[in-house]
Amino acid sequence: MTDHGGAPQRRVAGLLHTYADHVQPDPPDIERILSGGRRRRRLSWLAAGAVVIVVLGGVAVGINIVPSSTHHPAQPPVVTVDQRILRAVNGLGGTELDPHAYRLQYVPTTNGRAAPLFDNSLGQYNVPVIVAVAQGHYSQTHVPSGHSVDTFGTLVVLFDRHTMAVTAWRTSGDPVPAATLSSLGRVTDCTIHYPATGPTSTCRTY
Amino acid sequence: MRSSPGAEGQLSEFVAAQYGALVRWAYLLTGELAAAQDLTQSALERLCVRWSRVRDQQAPGAYVRRTILTLFLNERRRHGTAVASTEVVGSSPRQPATVDPIVRLDDQLVLDAALKTLPRAQRAALVLRYYDDLSVRDTATFMRCSESAVKTHTARALARLQGSGLVDDTERTEA
């Protein structure tokens with residue numbers, strides 16, 4: 001209790017009491033209040049349960065009971081060879097089987113950046129292209145037309161990225177350095193197998 | 001999840017005994033009976049959830065009042081702070097107020113109109129200070145604000161009432 005001191009304050013107090021006293025509320029609906037309270041209690045239990053689940057889940061992930069996809073190094077996505085490039089490099093699109101695996105690397109880039117790989121002019125500088133490098137043993141079906149079997153170890157091909165038309169190519173006995181390819185862009189590096197069940201590829205990117 | 005029958009019985013007794021006073025208190029804040037009853041209903045439902053703890057603290061009335069006040073002030077935040085600046089009915093020059101225990105009916109009408117022009121925090125401060133007769137410190141605690149805020153709210157509320165003619169300017173003292 002406090003002493004307001006002034007008459008105006010006492011008068012306001014009196015007015016407020018009179019103001020409130022004239023209010024005649026309806027009788028309380030106790031059952032409605034209780035049922036409302038039960039409903040709120042259920043909701044609070046549900047909310048508390050949800051919080052507990054979230055907290056326990058977080059703790060479980062935190063102490064590695066439950067693996068978290070973000071806690072471990074991300075699994076590299078499965079990469080498969082681009083079939084258009086594979087067909088283009090094979091040059092024949094044939095399906096004859098070859099027991100030898102070979103390596104196929106390709107990287108999207110531009111004419112200008114790929115130019116050092118080729119002796120001849122590549123034309124417009126900013127044409128989007130794909131540089132593909134195939135290494136290994138080539139059977140008849142996998143040798144670009146005009147070349148004899150096993151006469152080269154590395155085939156470097158330049159494709160127009162939209163039409164997949166071969167715009168330049170060369171052969172070499174030496175592989176293209178990985179750093180050279182990486183400097184062109186993101187490299188997809190595949191090993192192509194031709195088992196009896198059909199061609200398969202194992203790829204990675206870097 | 002359910003309260004024990006005994007707890008609900010105690011709660012029912014509390015509601016039956018206190019409902020009228022709580023609605024009247026809420027009415028002082030809202031100025032509307034329906035809104036006061038709704039606020040009281042909501043506060044009592046919340047009391048049901050915490051009945052055991054609140055009962056043990058022997059302060060269910062304070063809990064409900066605080067809940068009503070919180071709901072009232074939060075309602076302000078949801079719907080904005082605009083308060084209709086209605087003209088106070090019958091606020092023509094009045095004779096100086098007196099501390100007369102018999103409050104005239106037109107005073108009630110004027111008070112009703114004047115209270116409705118007050119921002120909610122000022123109205124709450126006024127009710128706590130002069131209806132509940134709380135000190136500035138207790139009012140600040142109840143409203144969860146500073147004592148200076150309470151003084152400001154109260155002074156401004158009194159100034160408004162003085163403007164309505166309910167409080168004589170010459171007699172107004174520090175809130």
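Chain naming here is simple, since letters A, B, ... match the order of the sequence lines and numbering starts at 1 in each.
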Check whether [X] gets within reach of chain A through its side chain, its backbone, both or neither, counting any heavy atom under 4.5 Å.
X	value
B/A16	both
B/R50	neither
B/L44	both
B/L126	both

Residue B/R66 excluded, over 12 heavy atoms near CZ under 6.0 Å =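 Yes, the 6.0 Å shell around CZ holds more than 12 heavy atoms from other groups.
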
Over 12 foreign heavy atoms within 6.0 Å of CZ, B/R137 =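 Atom CZ in B/R137 is not crowded, with 12 or fewer foreign heavy atoms closer than 6.0 Å.
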
Under a 4.5 Å heavy-atom cut-off, does chain B meet the side chain of A/R32, its backbone, both or neither?
->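 Both backbone and side chain.
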
Could you tell me the separation between the [atom1] atom of [X] and the [atom2] atom of [Y], rounded to the nearest 0.5 Å?
X	Y	atom1	atom2	value
A/R41	B/E45	CZ	CD	11.0 Å
B/L28	A/H17	CG	NE2	8.5 Å
A/D26	B/Q41	CG	CD	11.5 Å
A/L16	B/D132	CG	CG	9.5 Å
B/L47	A/I33	CG	CD1	9.5 Å
B/T154	A/Q9	OG1	CD	9.5 Å

Locate the shortest heavy-atom distance separating [X] from [Y]; write the atom from each residue and the value.
X	Y	value
A/G37	B/C48	CA-CB, 3.5 Å
B/R24	A/V23	NH1-O, 3.3 Å
B/Y19	A/P27	CE2-C, 4.2 Å
A/P25	B/G20	CG-CA, 3.9 Å

Heavy-atom pair count under 4.5 Å with chain A, highest-scoring of B/V15, B/L161, B/T40 =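 Among B/V15, B/L161, B/T40, the one with the most close pairs to chain A is B/V15.
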
Can you check whether B/Y27 and A/Y19 have ring centres sitting under 6.0 Å from each other?
->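 Between B/Y27 and A/Y19, the centre distance is under 6.0 Å.
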
